[in-house]
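Input: a single structure, listed below in structure tokens.
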Amino acid sequence: MVWQRIILCLISLLILPSLALADRPKVGLVLGGGGAAGVAHVGVLKVLEEQGIHVDMIAGTSMGAIVGSLYAAGYRADELEKIVQELEWMSLFQDVQARPEQAFQRKRENAGFFNTFELGIKEGAIQLPEGLISGQKLTFELRRLLARVGQVDNFDKLPIPFRAVATNIETGKQVVLSHGNLATAVRASMSIPGLFAPIKIDNQLLVDGFVSNNVPIDVVKAMGADIVIVVSLPYYFEKRENLNSAVAVTVQAMQFLTSKNSLPQLEAIKAPSVVIEPEVKNVGSLDFDKVRETIPLGEQAARKKLKELQQIAAFYPKLSAGLARAQLTQPVIDAKTMKIGKITINNDSSLNNEVIAARLGVKQGDAFDTTKLQTGLDSIHGLGYFDLVDYQLLPLENGTYNLVIDARKRSNGENRLRLGLSLEDNFSGDTRYQFGIDYIRLGVTKTGGEWRNKFIIGDDIHASSEMYHPIDANQEKFFSTKAYHNQRNIYDYQGNHRLTELRLLESGLQVEAGKNLSDSSEIRAGVFYRDLRPHLKTGSLRHDIADNDLQMTGLLVNYRYDSLDDVDFPKQGALINTEYTQGFEVLNADMAFNRLKIEAEQAVTKGRHRAVTRAEWGTTFDNNTFLTEQPALGGLGRLSGLAENQLRGNNTALGSVMYTYELTDVPKITKVYAGGSMELGNVWQNQGEMSWGNLLQSGSLFIGLDSIIGPAYIGIGHTEGYDTNFFMQVGRRF
């Protein structure tokens with residue numbers, strides 16, 4: 001009898017709570033859109049858990065879909081809060097691969113003059129991208145966070161049934177996503193039109209669900225909810241006096257657009273259902289630097305509705321609520337146990353799959369490693385051929401997984417048009433400007449060959465055509481051929497005075513072969529032919545300048561190491577560049593010469609403080625080398641009180657420290673710095689003249705901007721023995 005009673009008690013403990021759970025009303029959670037402000041949903045979830053409320057189903061739009069999907073996948077509210085605190089939100093919206101991780105060819109390309117704008121060319125016409133952000137990093141982060149339910153293709157089978165709401169951009173109608181890949185569905189739900197590229201699912205082009213249904217109450221009711229808990233960000237409609245800018249008018253219009261469908265649903269909510277509205281007016285939709293501030297606001301709003309929430313909680317037997325919550329913490333899949341049994345590459349670009357496989361860095365038989373995979377996907381994306389490089393894991397019969405790489409080519413074409421500009425002024429009558437176009441044809445060969453054509457006009461004129469050809473799929477070995485024509489001014493100074501202004505016309509051909517030693521280093525060697533035609537404009541010619549054509553033929557070798565995280569205002573990393581050039585009197589060349597230049601710099605950062613130390617040394621090994629082949633000093637950071645390349649000689653030496661302090665940061669637009677430099681260096685015609693005693697002291701003070709059109713400086717420089725020099729520089733010099 002005693003054993004029978006014990007057994008009956010155990011049956012009661014196991015069965016009766018579940019019967020009570022089945023008999024109670026079903027509670028649906030609705031999480032509306034709101035961008036960065038929508039992270040307040042996490043604060044509401046914390047209060048729901050405190051009150052023992054078990055959510056039976058969730059429907060979410062945009063940020064509501066992100067938070068809702070994670071909660072549906074089994075994350076608790078405290079885990080979501082930790083994720084919000086640890087995520088580097090701003091980096092998720094940057095598609096450009098971090099510079100230290102870029103392939104060396106991309107570093108060379110992005111460090112040059114053409115860094116202002118980039119446009120696509122498709123079918124002979126300029127084509128804008130489908131969105132400013134393709135979402136490469138954001139998509140990967142969603143997949144990483146949702147890896148525990150990566151194999152669930154029916155959202156009713158998640159720990160909590162879930163729906164994501166998106167909008168068909170062709171029809172404007174809402175699309176309720178209930179199956180497929182969860183991360184892809186969420187990515188579609190938060191694709192703000194114009195900002196994020198649309199996502200294609202079931203042959204539908206989908207954008208953010210706020211366009212059609214920002215607070216999907218009807219969706220969760222259709223799932224079977226009897227009671228609805230709605231988290232909706234309040235709608236703030238400004239008065240006429242505050243609608244005084246294009247931004248204000250646009251925001252107001254968006255508010256009306258999203259409220260058109262949402263307000264009628266919100267007004268129809270009746271008790272015991274409840275609407276929670278976090279007061280997040282001071283957090284804009286794109287203020288992702290403020291997301292951590294929203295969680296307490298969500299908690300505060302939920303506690304204002306505590307009485308209503310406690311009434312809902314009364315439907316729950318304590319034990320069954322506890323069992324339900326334990327179920328939520330149980331992941332469906334442990335990603336650490338996965339093993340890659342097969343790799344499939346879906347690639348619609350002009351590149352060979354072998355190039356993508358080489359960049360992926362993951363092989364069949366490897367254990368699934370999200371960090372390693374992210375590095376590989378970013379590396380593939382950094383090739384410049386793709387809008388998005390995504391992945392899926394599909395189970396195989398032997399217990400391993402098929403890693404499917406989906407590399408979607410750029411919607412605005414593989415061919416690129418890049419623009420560059422620069423403007424310089426010393427406020428003493430000398431103004432220089434340059435404007436240029438760089439046309440890049442990608443995919444000339446299956447291994448990633450590129451054909452680049454540059455055209456620059458201004459004080460200097462340049463035209464060139466270069467073919468860059470990686471030899472193998474690893475893209476380690478390459479060769480390049482380049483034909484070019486330059487027209488530039490060369491000045492010969494005595495003190496602060498120009499003695500000579502020479503217009504130099506130069507045409508040449510260069511053939512090089514090289515090897516990428518890593519993503520941070522490269523070595524190349526080649527031969528060149530140059531035809532120089534100097535034309536005297538003012539002044540008199542020095543003895544080493546002949547007013548007739550010159551031909552030069554020679555050999556060049558270059559080693560370059562570059563791990564800087566930024567070209568203009570680096571926080572960290574180093575640069576080493578060694579160039580050796582030797583001219584021979586062969587093939588009708590007019591002179592023999594040697595030139596060696598070595599430069600190095602190191603960047604360090606602490607908080608807002610940055611410092612870049614730099615050293616430079618150059619020599620021609622000869623005391624009588626042609627003017628155009630001599631190394632030179634002058635310009636910001638290179639004896640800042642002098643004009644660019646004001647001092648020329650057969651030997652140069654320079655040491656400098658440049659300090660900058662970050663004053664302000666406007667994301668995606670500009671950073672503003674205050675800075676200065678101290679320099680020590682000089683130029684000598686003869687090696688015997690070189691000594692510590694005749695080094696020149698120099699320095700500068702400036703304000704710098706790191707903007708969307710490139711670097712900009714305005715400041716003052718002084719070099720010992722020369723006049724003080726005011727300067728303004730916008731863009732990079734060519």
Side-chain angles (χ1 to χ4, degrees), residues 113 421-436 455-464 484-508 530-552 583 590-591 593 595 618 620 622-636 638-652 681-686 689 696 698 716-734:
F113 175 75
L421 63 88
S422 67
L423 175 65
E424 299 174 54
D425 196 338
N426 67 357
F427 304 101
S428 298
D430 286 338
T431 302
R432 299 180 60 207
Y433 76 94
Q434 291 176 303
F435 174 77
F455 304 94
I456 299 174
I457 59 173
D459 294 278
D460 295 343
I461 296 174
H462 172 86
S464 65
Y484 66 91
H485 174 76
N486 294 325
Q487 296 184 29
R488 57 192 172 102
N489 292 329
I490 295 180
Y491 303 104
D492 192 18
Y493 289 82
Q494 184 174 18
N496 287 312
H497 304 290
R498 289 179 181 172
L499 296 179
T500 303
E501 181 178 352
L502 192 72
R503 187 67 171 177
L504 182 67
L505 279 64
E506 177 181 348
S507 299
R530 297 162 59 192
D531 178 70
L532 306 179
R533 285 163 287 166
H535 297 286
L536 182 66
K537 295 179 70 175
T538 60
S540 58
L541 293 172
R542 276 173 35 178
H543 69 279
D544 63 345
I545 303 176
D547 194 12
N548 56 4
D549 292 358
L550 297 171
Q551 283 76 43
M552 295 183 179
D590 293 298
M591 66 178 66
F593 66 91
R595 183 176 67 246
T620 61
D622 193 331
N623 294 332
N624 190 29
T625 299
F626 185 60
L627 177 69
T628 62
E629 307 313 307
Q630 293 177 333
L633 290 177
L636 178 60
R638 304 180 71 246
L639 300 184
S640 299
L642 306 179
E644 182 184 6
N645 297 331
Q646 182 170 334
L647 298 184
R648 290 181 182 272
N650 295 308
N651 303 277
T652 63
N682 208 344
V683 171
W684 302 269
Q685 295 301 327
N686 302 310
E689 300 172 349
L696 300 176
S698 185
I716 183 173
H718 180 75
T719 299
E720 178 185 359
Y722 293 83
D723 294 338
T724 298
N725 177 36
F726 293 88
F727 60 86
M728 181 188 73
Q729 178 182 328
V730 178
R732 297 182 189 148
R733 295 176 175 138
F734 177 75

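In what follows, every heavy atom counts, from backbone to side chain, and hydrogens, waters and symmetry copies are set aside. We're numbering straight along the sequence, starting at 1.
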Starting from the C-alpha separation in whole Å, work towards a yes-or-no answer on side chain to side chain contact (heavy atoms under 4.5 Å, CB included) for L423 and T431. CA-CA 7 Å; L423 175 65; T431 302; 3.9 Å; yes
Can you list everything that forms a ring pair (Phe, Tyr, Trp, His ring centres under 6.0 Å) with H718? Sequence neighbours excluded, please. none
Is N725 close to S640 at the side-chain level, that is, under 4.5 Å between some pair of heavy atoms? no
Can you name the residues that form a salt bridge (Lys or Arg N to Asp or Glu O under 4.0 Å) with D531, not counting sequence neighbours? R533
Nearest 0.5 angstrom please: H535 NE2 to N489 CG, how far? 12.0 Å
Between T719 (side chain) and G641 (backbone), is there a donor-acceptor pair under 3.5 Å? yes
I want to check something: taking the side chain as every heavy atom from C-beta on, are L536 and T500 in contact at a cut-off of under 4.5 Å? yes
Pairwise distance CH2(W684) to CG(N650) - rounded to 0.5 angstrom: 12.5 Å
Please give me the minimum heavy-atom distance between F113 and S422, naming the atom from each residue. CE1-OG, 3.7 Å
How long is the gap from CG on L647 to CG on L696, to the nearest 0.5 Å? 7.0 Å
Working to the nearest 0.5 Å, report the span between CZ of R432 and CG of N426. 11.0 Å
E501: what forms a salt bridge (Lys or Arg N to Asp or Glu O under 4.0 Å) with it, not counting sequence neighbours? K537
Is the shortest heavy-atom distance from the side chain of I490 to the side chain of T628 under 4.5 Å? yes
Ignoring hydrogens, what is the shortest heavy-atom contact between F455 and A463? Give both atom names and the distance. CD2-CB, 4.2 Å
Can you tell me how far the CD1 atom of I456 sits from the NE2 atom of H462, to the nearest 0.5 Å? 5.5 Å
Under 4.5 Å between any side-chain heavy atoms of R638 and N645, yes or no? yes
Does a sphere of radius 6.0 Å around CZ in F427 hold more than 12 heavy atoms from other residues, nucleotides or ligands, not counting ones at 6.0 Å or beyond? yes
Residue pairs passing the salt bridge (Lys or Arg N to Asp or Glu O under 4.0 Å) test with at least one member in residues 724-734, sequence neighbours excluded, are E424-R733, D568-R732, E644-R733
Output all residues satisfying side chain to side chain contact (heavy atoms under 4.5 Å, CB included) with R498, sequence neighbours left out; order by chain, then residue number. D430, Y491, Y493
What distance separates I461 CD1 from R488 CZ, expressed to the nearest 0.5 Å? 13.0 Å
Side chain to side chain contact (heavy atoms under 4.5 Å, CB included) for E629 and T620? Distances and angles first, verdict last. CA-CA 8 Å; E629 307 313 307; T620 61; 5.8 Å; no
Contacts of D622 that satisfy salt bridge (Lys or Arg N to Asp or Glu O under 4.0 Å) - sequence neighbours left out: none
Walk me through it: do Y722 and L642 pass the test side chain to side chain contact (heavy atoms under 4.5 Å, CB included)? CA-CA 8 Å; Y722 293 83; L642 306 179; 3.4 Å; yes
Matching residue for E506 among H485, R530, Q487 - test: side-chain hydrogen bond (donor to acceptor under 3.5 Å, both in side chains): R530
Is there a side-chain contact between L532 and L504 in this structure, where contact means two heavy atoms from C-beta onward sitting under 4.5 Å apart? yes
